[in-house]
**Q** 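Please see the structure below; I have some questions.
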Amino acid sequence: MPRKPLNNRRVADVLREIGLILQAQGIAFKPQAYEHAADTILALQEDLSSLYKMCGTRCIDDLPGIGPSITKKIKELVMTGRLAYYDNLKRDYPMDLLALTSIQNVGPKTAVRLYQALGIKTLKDLERAVKAKKIHRLPGFGRKTEDQMLRGLGFLREHKGRTLLHDALPLAEAVVERLRQVPGVTHCDVAGSLRRRRETIGDIDLLITTSKPKLAIQAYKTLPQVSQVLEEGPTYVVVRFSFGMNGDLRILKPGDYGSALVHYTGSREHNILIRERARKLGYKLSEYGFFRGNTRIACKTEADVYKKLKMQWIPPEIREATDEVSLAAAHKIPDLIGYDDLRGDLQVQTDWTDGAASIEAMAREAKARGLSYIAITDHTRALAMTGGLNEKRLREQGREIDRVNKKISGLRILKGTECDVLRDGSLDLSDKVLKTLDIVCISIHNTFQLSELEQTERLIRAMKNPLVNVVFHPTGRVVNRREPYAIDMPRVVRAAKEYHVALEVNGSDRLDLRDLHVRMAIEAGVKLVIDSDAHFIEEFGFLPFGIATARRGWAKKSDVLNTLPVASFLKAIGKNRPVLS
DNA sequence: GCCGTTTTCGGCCCGACTGTTTTCAGTCG
């Protein structure tokens, strides 16, 4: 170990696995240190080995969460491709801990017990044991655990090999930025599911036009993010990024760029529909270009293609073969919310609970990013691990918000909360204190196992409270990591309409509501808010992912309340409370 | 193992829930 190419992903995996082994051994605190270091490595844009070659251990030691001991280990990994400390641990823990613990409710200790009792090392081993009904016979395990594992294995199979939008997009944008600067390059765009902003991405597809193909290919192959060249031809290159995804670059002729961009953006189902339309109009559209008979018709832009097909241009986010093609033909595609339309962010956590920055720091960052208001929505006491606020602390926080509001001009900080919905649907804070806030947002953070009926009624009971304005992340899912809890979304949407409660589109890796539910909400006349759920100043950068998801759900600017200026916004959410400001 | 206007040692998110138990370990947020 490791035999696989040593890219950042691999280094991060090794560190993460060390953390899991230490956790299984019951060691305190060290596991978090390894976990944190792994996160840092994964967020790194530059290839670790290039970084090390450039400035040695100094640059690595400087990274947040990485100190002298882990720096030494990274150096060993980068220099030799192995790590003696890790290899020693693996002798006693030869199981694939990363894979096994990616199943919900399976942690390192469970994985180790499964190995000791049944010799389970891999997901395949586990699947065999589950199917042979061997698990529930072990002491401390039971039928329910076995069923949970079976479901977990299924969830994992569905999501295998796909990268989160949040991880793929910054990488792709950095690559595009770089390629656009290469002499000769006239166009460079991301295509594929990434351009459609799907929540998870398989490969990164890049298209360019250039007068100097060799130069572009050379530039691409030697990007700092690239760890390996997998395939190469005169007009295409496939690489492996150090982050762990493949990237396909295709070089196109300027006259084919429009039709190629349509083709490679997809979706496949969308392409089938517009090819059919092309055929009916006497054209042929394929990955090779746009034709009438055997005559190639130049389409330099996508707009040219859609125009020839007598359609409106269709935003990539909705090219999913729902009804966009027929609506575009009737010129009835609505104006979707734009990436610059948000004026406020209504879910912001601070160092009063599990956020990393002060109220003032978050406010200044929001202002720097062009927002004109934010709501501070720290957790409440039921979420003890975050140091959730009780009523006394919330009042203190209100005074701090008053202080910062006086200090910062051009940005209004709203007093809010992310109030926990308790098991019975009551709220974690009293109405008396909720009344003192500008905005009350609620969310479910525990007891995910209720039946669909119980969970739905729990949430709806909370929504009925006339002080509640917004339901945060209504389905509780985390993309690639956690399934939504069982909940009847059509009923929740109807309740949102009836009780005048907005639903959130959360821009973090929750992306909750998801695209389908956004559309469901909009069609029911329910208003949305789009939030970052920022816990760090950098995480205001999640807002565009929320906007993308809203666009995928066909949201218009008028569907989203935090596109309004603060006074109108407060009026729009206001129910039984006096409108402030 | 990392970190530092609570600095070079002593902190570091800790309580609820679940499934298995008859008192608790493991996981999660």
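In the text below, chain A, chain B and the rest are named by the order of the sequence lines, each starting its count at 1.
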**Q** Between the side chains of D345(A) and R369(A), is the shortest nitrogen-to-carboxylate-oxygen separation below 4.0 Å, so that they form an ion pair?
**A** no
**Q** Looking at R128(A) and D125(A), does any basic side-chain N land under 4.0 Å from a carboxylate oxygen?
**A** yes
**Q** On DNA chain B, compare the nucleotides closest to G387(A) and V478(A); which residue's is nearer the 5' end?
**A** G387(A)
**Q** Rounding to a whole Å, what distance do you find between F29(A):CZ and dC13(B):P?
**A** 7 Å
**Q** Where the side chain of L383(A) is defined as all heavy atoms beyond and including C-beta, which of dG1(B), dT27(B), dG29(B) is the nearest nucleotide?
**A** dG29(B)
**Q** Could you give the CG-to-C1' distance, from N105(A) to dG26(B), as a whole number of Å?
**A** 9 Å
**Q** Would you name the heavy atoms of L63(A) and L44(A) that are closest together and state the gap between them?
**A** CD2-CD1, 3.7 Å
**Q** Charged N to carboxylate O below 4.0 Å: is that the case for D39(A) and R16(A)?
**A** yes
**Q** Check every atom of dG29(B), dT18(B), dT27(B) against the side chain of F448(A) and return the nucleotide holding the closest atom.
**A** dG29(B)
**Q** For the ring pair H166(A) and F545(A), is the centre-to-centre distance below 6.0 Å?
**A** yes
**Q** Round to the nearest Å and state the distance from L150(A) atom CG to dG19(B) atom C1'.
**A** 17 Å
**Q** Over how many whole Å does the gap from Q104(A) atom CD to dG19(B) atom C1' extend?
**A** 15 Å
**Q** Are OP1 or OP2 of dT18(B) and a side-chain N or O of R423(A) less than 4.0 angstrom apart?
**A** yes
**Q** CD1 of I66(A) versus P of dG4(B): gap in Å, rounded?
**A** 14 Å
**Q** Picking from dT27(B), dG15(B), dG29(B), which would you name as closest to the side chain of A384(A)?
**A** dG15(B)
**Q** Can E127(A) and K131(A) be counted as an ion pair, charged N to O under 4.0 angstrom?
**A** yes
**Q** Report yes if at least one side-chain N or O of Q148(A) is closer than 4.0 Å to OP1 or OP2 of dG19(B); otherwise report no.
**A** yes
**Q** Nearest to the I70(A) side chain among dT18(B), dC2(B), dT27(B), which nucleotide is it?
**A** dC2(B)
**Q** Reading DNA chain B from 5' onward, which residue's closest nucleotide shows up sooner: Q23(A) or L63(A)?
**A** L63(A)
**Q** Roughly how far apart, to the nearest Å, are dT8(B) and dC13(B) at atom C1'?
**A** 24 Å
**Q** Less than 4.0 angstrom from a charged side-chain N to a carboxylate O is my criterion; do R491(A) and E452(A) meet it?
**A** no
**Q** What nucleotide, of dC2(B), dG26(B), dT18(B), holds the atom closest to the side chain of K109(A)?
**A** dG26(B)
**Q** Taking only side-chain nitrogens and oxygens of K73(A), does any of them come within less than 4.0 Å of OP1 or OP2 of dG1(B)?
**A** yes
**Q** Measure from CG on D61(A) to P on dG4(B) and round the result to the nearest Å.
**A** 12 Å
**Q** Find the distance L83(A):CG to dG1(B):P and express it as a whole number of Å.
**A** 11 Å
**Q** In Watson-Crick or G-U wobble terms, both distances under 3.5 Å, what is the partner of dG11(B)?
**A** dC2(B)
**Q** Collect all protein-nucleotide pairs involving nucleotides 20-23 of chain B in which both atoms are nitrogen or oxygen and the distance is under 3.5 Å.
**A**
| unit_1 | atom_1 | unit_2 | atom_2 | d |
| --- | --- | --- | --- | --- |
| dT20(B) | OP1 | G142(A) | N | 2.4 |
| dT20(B) | OP1 | G142(A) | O | 3.0 |
| dT20(B) | OP1 | R143(A) | N | 3.4 |
| dT20(B) | OP1 | T145(A) | N | 3.3 |
| dT20(B) | OP1 | T145(A) | OG1 | 2.8 |

**Q** What nucleotide among dT18(B), dG29(B), dT27(B) has an atom nearest to a side-chain atom of P108(A)?
**A** dT27(B)
**Q** Heavy atoms from C-beta onward define the side chain here; which of dG29(B), dT27(B), dG1(B) lies closest to that of R482(A)?
**A** dG29(B)
**Q** Mind calculating the distance between CD1 (I27(A)) and C1' (dC12(B)) to the nearest angstrom?
**A** 16 Å
**Q** Could you tell me how far dG15(B) sits from dT20(B) if I compare only their P atoms? Round to whole Å.
**A** 25 Å
**Q** Please check if any side-chain donor atom of N465(A) sits under 3.5 Å from a side-chain acceptor atom of D431(A), or the reverse.
**A** yes
**Q** Choosing from dC2(B), dT18(B), dG29(B), which nucleotide comes nearest the side chain of H445(A)?
**A** dG29(B)
